[in-house]
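Reviewing the structure listed below.
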Amino acid sequence: MKIRFRHIRLSKANRERLAEINSIIEEYQAQNYKLTLRQLYYQLVSRDIIANKQAEYVKISNILKEGRMAGIVDWDAIEDRLRRPQTPPSWESPSEIMDSVIYSYQLPRLAGQHNYIETWVEKDALSGVLSRVTSKYHVPILVNRGYSSISAMYDSYKRFFSALQRKQNVTILYLGDYDPSGIDMIRDIEARIIEFFSGCTTTKKGFAEVPKNEIEELYDKYYFDESCFNEDDDFDSYRAYIKSRFTVTPIALTRKQINQYTPPPNPAKTTDPRSKKFIEELGDTSWEVDALRPEVLNSILTTEIESRLDLNLFEEQLQKEKEDLKQLEALKGQLR
């Protein structure tokens, strides 16, 4: 909705810029997407409307603010995912709560699947875009925001441990920037999770008593407790087994996608302590994952998730869900 709160005199250049902004917004609204300021900025850059410079980003931020206050730009078109109030849910009648139940009722759609999948994204702004896909498949989405705290990593380890106990393979689908830290985070996530698996694990019988030919059943013999292996313990087989069951797979932003979609480049951040290795191995240019269009990111994520699922089993769950909803509708009809 466009609401004017302020009378503003705009220059001809700013009026034209706001018209270009509205054109992009309307394009994405037609697909039911909301944009963040940064995503809007990259769309302007990728269409050669503005240069990829911090000064231009500041200008767009200011112009967008003025355009919204003047009633030129739709208030609902841009979102800030970090600053939202939380209110307890409430209902005015049993019938109304049944409407909420029917709207929100879903079966665990990944029940019985061989693979446990999570989506990790470096930018919180992208979680709203990607959740369109992750919510459909019930794939957990986690905003990594740089290098995760040890508490977040430990909580993740516990989820993955439970999945492996259920005989599932574990995959993190990772989306982050193609820059020194973004690339290094892939290594960091994998190394830290495997450290949890390898560092404080023991066997019911004692590690030395596990025959080498039982590698396929090795995980069944392990459980977590507060004791750890000594440095001289031989757990190479166990570590190799964990690596075969747990993977971190970067799905965006990749070099192949950079070549395909040509997002606007940025100079690699030389202040980043990881920049030297990045520049030596990958060059002195970096790219941000936000620069890919939302529909492209969702298409990539959908393909990666579906390639790891038994889609027939998934569809069976959806059908059962529809049947359950009919029962809930009938129950609602009995309420006054």
Side-chain angles (χ1 to χ4, degrees), residues 1 17-50 52 56-57 60-61 64 73-82 84 106 109-110 117-145 171-179 182 249-266 286-309 311 314-315 318:
M1 182 179 296
R17 183 69 75 239
L18 284 172
E20 292 164 332
I21 287 172
N22 273 334
S23 177
I24 294 172
I25 285 173
E26 289 165 7
E27 177 185 332
Y28 280 94
Q29 283 182 323
Q31 303 174 68
N32 295 317
Y33 283 113
K34 285 188 176 183
L35 293 170
T36 64
L37 170 61
R38 194 153 194 86
Q39 287 169 330
L40 175 62
Y41 165 75
Y42 273 121
Q43 287 307 307
L44 291 164
V45 171
S46 64
R47 299 173 194 215
D48 295 323
I49 295 174
I50 61 174
N52 188 17
E56 292 292 340
Y57 181 84
I60 291 301
S61 176
L64 184 62
V73 177
D74 189 337
W75 282 97
D76 297 325
I78 306 296
E79 64 178 347
D80 182 343
R81 295 190 58 80
L82 292 178
R84 290 182 174 179
Q106 294 180 345
R109 294 180 178 175
L110 296 186
I117 306 166
E118 289 194 6
T119 297
W120 288 28
V121 59
E122 185 180 344
K123 306 290 186 66
D124 184 72
L126 290 180
S127 62
V129 171
L130 300 172
S131 62
R132 179 179 295 194
V133 175
T134 57
S135 61
K136 173 184 176 181
Y137 295 99
H138 286 193
V139 169
I141 183 168
L142 183 145
V143 178
N144 202 38
R145 285 188 197 162
T171 300
I172 295 176
L173 300 177
Y174 177 81
L175 299 94
D177 294 338
Y178 194 92
D179 65 12
T249 303
I251 64 170
L253 190 61
T254 66
R255 189 74 203 197
K256 181 178 179 181
Q257 292 161 358
I258 291 167
N259 294 336
Q260 180 178 358
Y261 298 107
T262 61
N266 298 304
S286 63
W287 291 264
E288 295 196 30
V289 68
D290 314 54
L292 289 189
R293 296 165 70 97
E295 64 269 28
V296 170
L297 288 169
N298 277 342
S299 176
I300 291 168
L301 182 56
T302 298
T303 299
E304 293 292 341
I305 290 174
E306 288 189 348
S307 70
R308 292 167 172 81
L309 296 184
L311 293 178
F314 177 76
E315 290 297 330
L318 289 182

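Just so it is clear, the model here is predicted, and its values are computed rather than measured.
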Nearest-0.5 Å distance that lies between atom CD1 in Ile300 and atom CD in Glu295: 10.5 Å
Over all atoms of both residues, closest heavy-atom pair of Pro263 and Ile258: CD-O, 3.6 Å
From CD1 (Ile141) to CG (Leu130), nearest 0.5 Å: 4.5 Å
Separation of Ile251 CD1 from Leu297 CG (nearest 0.5 Å): 8.5 Å
Tyr57 backbone acceptor or donor facing Ser61 side chain under 3.5 Å: no
Polar side-chain atom of Arg47 near backbone of Ile24 as donor-acceptor pair, under 3.5 Å: no
Where Thr262 and Asn259 come nearest, the two heavy atoms and their spacing: CG2-O, 3.9 Å
Listed partners of Glu288 passing side chain to side chain donor-acceptor pair (under 3.5 Å), at least two apart: Arg38, Tyr42, Lys123
Asp290 (side chain) donor-acceptor with Leu126 (main chain) under 3.5 angstrom: no
Minimum-distance pair of heavy atoms, taken over all atoms of Gly176 and Val289: O-CB, 3.5 Å
Least distance between heavy atoms, Gln29 atom then Asp74 atom: NE2-OD2, 3.1 Å
From CA spacing to verdict: side-chain contact (heavy atoms from CB on, under 4.5 Å), Val129, Leu35: CA-CA 8 Å; Val129 171; Leu35 293 170; over 6 Å; no
Ile60 side, atom CD1; Gln43 side, atom CD - distance, nearest 0.5 Å: 12.5 Å
Stepwise side-chain contact (heavy atoms from CB on, under 4.5 Å) check, Asp124 with Ser127: CA-CA 5 Å; Asp124 184 72; Ser127 62; 3.9 Å; yes
Intermediate values then yes/no, side-chain contact (heavy atoms from CB on, under 4.5 Å), Thr302 and Tyr137: CA-CA 9 Å; Thr302 298; Tyr137 295 99; 3.7 Å; yes
Minimum side-chain heavy-atom gap Asp179-Asn266 below 4.5 Å: no
Listed partners of Tyr33 passing ring-ring contact (aromatic ring centres under 6.0 Å, His included), at least two apart: none
Check: Val121 main-chain N/O paired with Asn144 side-chain donor or acceptor under 3.5 Å: no
Donor-acceptor side-chain pairing of Glu56 and Tyr41 below 3.5 angstrom: no
Under the side chain to side chain donor-acceptor pair (under 3.5 Å) test, residues paired with Arg308 that sit two or more places apart: Glu304
Distance, nearest 0.5 Å, that separates CZ of Arg109 from OG of Ser135: 8.0 Å
Step-by-step side-chain contact (heavy atoms from CB on, under 4.5 Å) determination, Asn32 to Arg132: CA-CA 10 Å; Asn32 295 317; Arg132 179 179 295 194; 3.6 Å; yes
Note, Asn22 side chain near Val73 side chain (heavy atom, < 4.5 Å): yes
Minimum heavy-atom distance Ile78-Thr36, with the two atoms named: CG2-C, 4.3 Å
OG1-CH2 distance between Thr254 and Trp287, expressed to the nearest 0.5 angstrom: 11.0 Å
Heavy-atom closest contact (Tyr28 atom, Pro294 atom, distance): CE2-CD, 3.3 Å
